[in-house]
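Below is one structure; the comments refer to it alone.
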Amino acid sequence: MSRAAVIGGGPAGLAAAEVMADAGLQVKVYEAKPSVARKFLMAGKSGLNLTKAEDLSIMLPHYTDAASWLTPALRAWDSTAVVAWAEGLGQEMFAGSTGRVFPKAMKASPLLRAWLRRLDGRGVSILPRHRWVGWDGKLPIIMGPDDTVSSVDVDVVVLACGGASWARLGSDGAWADWIGADVQPFGAANAAVAIEWSDHMAKQMGQPVKGVAWRAGRHRSRGEAVISHRGLEGGGVYSVSRGVREGATLYLDLLPDLSVDDVAARLDRPRGKASLANHLRKTLRLPPPKIALAQEWGRPWPVETLRIARRLKKLRIAHAGLRPIDEAISTAGGVPAPAFDDALMLRTRPGVFCAGEMLDWEAPTGGYLLTACFATGRWAGRGAVKFVQP
Ligand SMILES: Cc1cc2nc3c(=O)[nH]c(=O)nc-3n(C[C@H](O)[C@H](O)[C@H](O)COP(=O)(O)OP(=O)(O)OC[C@H]3O[C@@H](n4cnc5c(N)ncnc54)[C@H](O)[C@@H]3O)c2cc1C
């Protein structure tokens with residue numbers, strides 16, 4: 001029986017283990033932490049958005065430059081497959097109004113428990129507190145719980161060590177030092193924007209900003225964000241954080257459903273002695289958080305209403321860059337496409353495959369991240385099976 005090692009017990013590694021066990025390989029999962037899938041469980045705290053109910057042709061462009069090499073894996077394991085798989089593990093699923101798909105339980109633990117039971121039933125061994133620390137020729141070296149170090153004699157390896165955020169959950173990116181590929185530098189993806197607020201914003205902490213549009217370079221979003229002491233957080237800004245990382249100016253449109261002329265026409269209504277803030281509230285129905293943001297970044301206000309209208313629709317956000325990478329939902333960078341073949345096998349290491357967030361791709365939140373982690377995990381597992389059973 002061929003022996004396979006999976007390094008990293010996140011969603012990508014467990015997906016690879018499932019495919020290889022189904023094909024009859026003897027699979028061991030080496031996990032550095034005391035338990036597997038800690039980031040997956042953390043994702044469950046915000047509902048576990050497993051995938052997006054979208055046709056592959058709509059889904060693929062969200063992976064931008066990586067879409068071309070991700071296509072075979074995602075074609076073999078698209079959102080329909082993700083839903084069927086989760087349902088097969090006893091999870092009732094539902095799609096929200098935006099097409100985001102969640103388990104009805106809105107958490108990851110029941111799904112993970114059922115998945116681990118299935119893997120156990122198929123003979124997969126999970127070895128927690130086993131950290132991959134380098135290579136002994138072709139074989140991975142593993143440090144066990146008692147700090148003993150040994151190489152594991154296997155026929156095929158799937159590396160699925162995650163990206164480089166939320167290091168306390170296991171994905172610390174340390175492997176970049178020894179993997180032996182030209183790893184692209186990690187960058188924060190789906191990250192909050194750091195802002196040093198003026199004292200005027202104190203009352204707005206924790207308030208949501210809804211019904212707005214964000215733009216940074218070619219990245220646009222209509223999602224919400226929350227004003228926090230750290231800055232702006234939430235899906236709306238996460239979606240444009242790549243533009244910020246790449247150096248584009250970040251703009252906020254407070255009134256995306258009105259044209260500049262419409263806004264100006266409303267502002268032209270008699271103002272009397274009202275302050276601008278009150279006038280904005282009355283004529284444009286702006287709620288307090290939006291008025292506060294307008295004042296934060298709009299001042300000093302021009303006199304002409306047309307110019308005020310333009311500014312409200314294109315507020316330049318003064319920020320201090322993205323929050324640190326360790327706080328990011330996901331990371332860009334990692335093992336680059338030229339380093340692996342169509343089966344995700346490292347060109348310099350025959351029999352060693354890579355999967356999940358450790359590969360160099362990025363995508364917005366919305367279920368795209370987990371879908372690609374499952375898909376590349378399964379694709380790498382399939383490649384590994386073909387490698388030992390040509
Ligand atoms: C707060 C939060 C919420 C999220 N919500 C969602 C969501 O709703 N939908 C979505 O699609 N995505 C979400 N994500 C992103 C998603 O969780 C990740 O993209 C996904 O978990 C990555 O899977 P992975 O298997 O590639 O890596 P990981 O889940 O990071 O797993 C990698 C595993 O490898 C182990 N490991 C690392 N190095 C070694 C080593 N040297 N030896 C042995 N083991 C090692 C780690 O301990 C870890 O268990 C969220 C992320 C966060 C932080």
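Counting starts at 1 for both ligands and their atoms, in listed order. What you are looking at is a predicted structure, and each value in this text was computed from that prediction instead of being measured.
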Does Ile7 come within less than 4.0 angstrom of ligand 1, counting non-hydrogen atoms of the residue? yes
Compare Ala189, Ala167, Gly170, Gly377 and give the one whose heavy atom is closest to atom 36 (N) of ligand 1. Gly170
Closest by any non-hydrogen atom to atom 12 (N) of ligand 1: pick that one out of Leu48, Thr376, Leu370. Leu370
Got a second to check how far Leu267's CG is from Leu276's CG, nearest 0.5 Å? 7.5 Å
Would you say Ala12 has any N or O atom under 3.5 Å from an N or O of ligand 1, going by distance alone? yes
Ignoring hydrogens and angles, tell me if any N or O in the side chain of Lys290 forms a donor-acceptor pair with the backbone of Gly211 under 3.5 Å. yes
Is the distance between the ring centroids of Trp297 and Trp197 under 6.0 Å? yes
Would you mind running through ligand 1 and noting each atom that sits below 4.0 Å from a heavy atom of Gly162? 26 (O), 27 (O), 30 (O), 32 (C)
Would you check if Leu14 and Trp115 make a side-chain contact, meaning some heavy-atom pair closer than 4.5 Å? yes
Check whether any N or O atom of Asp172, backbone or side chain, sits under 3.5 Å from an N or O atom of ligand 1, and answer yes or no. no
If hydrogens are left out, which of Cys373, Pro34, Ala32, Gly356 has an atom nearest to atom 44 (N) of ligand 1, that is, the closest non-hydrogen atom? Ala32
Under 4.0 Å between heavy atoms, the region of Ala174 that gets near ligand 1 turns out to be neither
Taking the side chain from Asp55 and the backbone from Ile58, do they hold a donor-acceptor pair closer than 3.5 Å? no
Which ligand 1 atoms are under 4.0 Å away from a heavy-atom of Tyr30? 43 (C), 44 (N)
Looking at ligand 1, does any of its N/O atoms fall within less than 3.5 Å of an N/O of Trp132? yes
What are the atoms of ligand 1, with element, lying closer than 4.0 Å to any heavy atom of Leu369? 10 (C), 11 (O), 12 (N), 15 (C), 19 (O)
May I ask you to decide whether Arg3 forms a salt bridge with Asp153, counting only side-chain N to carboxylate O separations under 4.0 Å? yes
protein heavy-atom neighbour closest to atom 6 (C) of ligand 1 works out as Ala43 CB, 3.6 Å
Considering heavy atoms of the protein only, find what lies nearest to atom 8 (O) of ligand 1 and give residue, atom and distance to 0.1 Å. Asn49 N, 3.1 Å
Once the angle between the rings of Phe102 and Phe94 is folded into 0 to 90°, is it parallel (under 30°), tilted (30 to 60°) or perpendicular (over 60°)? parallel
In the structure I gave you, are the side-chain heavy atoms of Ser125 and Val29 within less than 4.5 Å of one another anywhere? no
Regarding atom 48 (C) of ligand 1: of the candidates Lys45, Arg131, Glu31, which has the closest heavy atom? Glu31
With atoms numbered from 1 as shown, which atoms in ligand 1 lie under 4.0 angstrom from a non-hydrogen atom of Gly10? 25 (O), 29 (O), 31 (O), 33 (C)
Mind checking whether Leu50 contacts ligand 1 via backbone (N, CA, C, O), side chain (CB onward), both or neither, at a 4.0 Å heavy-atom cut-off? neither
Side chains of Ser79 and Lys52 in contact at under 4.5 Å (non-hydrogen atoms): no
Find out whether Tyr238 and Pro364 are in side-chain contact, i.e. whether some heavy atom of one side chain is under 4.5 Å from a heavy atom of the other. no
Which class fits the ring pair Tyr63 and Tyr368: parallel under 30°, tilted 30 to 60°, perpendicular over 60°? perpendicular
Note: ligand 1 atoms sitting under 4.0 Å from heavy atoms of Ser171 are 30 (O)
Interfacing atoms of ligand 1 (cut-off 4.0 Å, heavy-atom, Lys33): 47 (O)
Pro11 touching ligand 1 at heavy-atom level, < 4.0 angstrom: yes
Which atom of Leu344 lies closest to which atom of Ala380, heavy atoms considered: CD1-N, 4.1 Å
For Gly367, the ligand 1 atoms whose distance to one of its heavy atoms is below 4.0 Å: 11 (O)
Record the part of His130 in heavy-atom contact with ligand 1 below 4.0 Å; permitted values are side chain, backbone, both and neither. backbone
